[in-house]
Amino acid sequence: MSITFRNYIDGAFADASDGRTLDVVDPTTGDVYATSPLSGAADVDAAMAAAAAAFPVWRDTTPSVRQRALLKIADAMEARADELVAAESRDTGKPLHLTRSEELAPAIDQVRFFAGAARMLEGRSAGEYMEGMTSIIRREPVGVCAQVAPWNYPLLMAVWKFAPALAAGNAVVLKPSDTTPASTVLIAEIIGGVLEELALPRGIFNVICGDRETGRLMVEHPTPAMASITGSVRAGIQVAQSAAKDVKRVHLELGGKAPAVIFEDADLTKAVEDLVVGGFFNAGQDCTAATRVLVHESVHDEFVAALAKAAAETKTGLPDDEDVLYGPLNNAGQLAQVSGFIERLPEHARIEAGGHRVGEQGYFYAPTVVSGLKQDDEIIQNEVFGPVITVQSFTDEAQAVRYANGVDYALASSVWTKDHARAMRMSKNLDFGCVWINTHMALVAEMPHGGFKKSGYGKDLSAYGFEDYTRIKHVMTSL
């Protein structure tokens, strides 16, 4: 029996006004299992009108009210954990046990973090900076936020969008990816119930399902003061261009090509163990994934052999198998993209493990390790977004920095060494928004996540991410 997802606008579920729908595919089988609305201009207008009407009421609530609402949302998500995990796994094919522990648990924690942040919304204290004048700084919500979430972490990215926005007093219109609407629609039901219980305006949180064109309509709509997207560089550039037409604020978290730089004194056993997870978790569909390993020439062959062996022992499979590290790629287009990178490898490249699809059904791809690559190879320069780890050799620290920084992306990186001074030099010289030392892909709510260069601008998580959803006003009084 097919499932029907619906938009959530002003506290009510609705189909697209013109009745158009999109198919939602189970990536473990390739079969359609649900439909969702293909929202058009009328639906976007309705959601924006609801958000705009609710915003002044929500803006004028006290931080304690916003905190209480977010804490209740977190509790309600926890109470419905089984449903959220099942919805997320059905849409993405992710392993159920890892979705619960590695995605839902942090998502709930992050809602609670931003509930606390709501109480910290403040400007600088008053002071006299000109004779006879007192200045104060007000930090205010920006208004209605148009938010577009990606398909690689639908549940987690929805939280990264709505939690700081609501905590700061904004109203939200959120669009999930066309391939993964399930958990976001369920979150709308959860949030709607909390807002109704607390007698708060339900129009502060709206979900619009649709495709790329729906997202463009949201970003170009005159109502939002801010557009926030997590997605590809191409999508980010389009959003920035669209938002520029009426000078909207933009928050972009885009692609990545994270280098893991391994020096000769690194703990190779730990590096292999951590980078197998860092490279293959979520089928490598992660902007921070450890996709690009740079190894000192003196330990290169040893490391490659160990990584290839570990990759060959890593399993992909169905959601209810507790032995698998990751499930399928998200969609047929992504399977074709990953396969294409491997099919186009240059002659000097060597496939050390994997390099092929797994099974005939669904979008599964084997854990893959490729060595023998050069800095200007396509697979080094471009984001694969699949379970593929490339390995390059370097001779010294300067070359390692040059190779690591020699791509258009600048989101995350890691350094593996026992030499503290070298770790500090590398963390200074690596041109990435995050540098991990002797680990890779650890995230906490208190610390910022966001990149430089073509990886975008603005931060998610942390007080910095919270501040992105506020504006600063100077008030000056004559004494």
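None of the values given here were measured: they were computed from a predicted structure.
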May I have all residue pairs that pass salt bridge (charged side-chain N to carboxylate O under 4.0 Å, His left out) and include part of residues 294-303, sequence neighbours excluded?
none
Where do T92 and W151 come nearest, in terms of heavy atoms and distance?
CG2-O, 4.2 Å
Please report the closest heavy-atom contact between P154 and E88, naming both atoms and the distance.
CD-OE2, 3.0 Å
Is it the case that over 12 heavy atoms from other parts of the model lie below 6.0 angstrom from the NZ atom of K454?
no
Heavy atoms of other groups near M424 CE, more than 12 under 6.0 Å:
yes
Heavy-atom donor-acceptor pair, T316 side chain to A366 backbone, under 3.5 Å
no
Between [Y] and [X], is the closest basic N to carboxylate O distance under 4.0 Å?
X: K270; Y: E273; result: no
X: R216; Y: D211; result: no
X: D376; Y: K374; result: no
X: R234; Y: E383; result: no

Find out whether [X] and [Y] are in side-chain contact, i.e. whether some heavy atom of one side chain is under 4.5 Å from a heavy atom of the other.
X: V24; Y: Y33; answer: yes
X: L307; Y: E352; answer: no
X: R100; Y: L84; answer: no

Sorted by chain and residue number, the salt bridge (Lys or Arg N to Asp or Glu O under 4.0 Å) partners of K94 (sequence neighbours excluded) come out as E103
Under 6.0 Å between ring centres: does that hold for F263 and F394?
yes
Stacked cation flag R344 on F341, 6.0 angstrom / 45 deg:
yes
Looking at L70, D75, I73, which hits side-chain contact (heavy atoms from CB on, under 4.5 Å) with R112?
D75
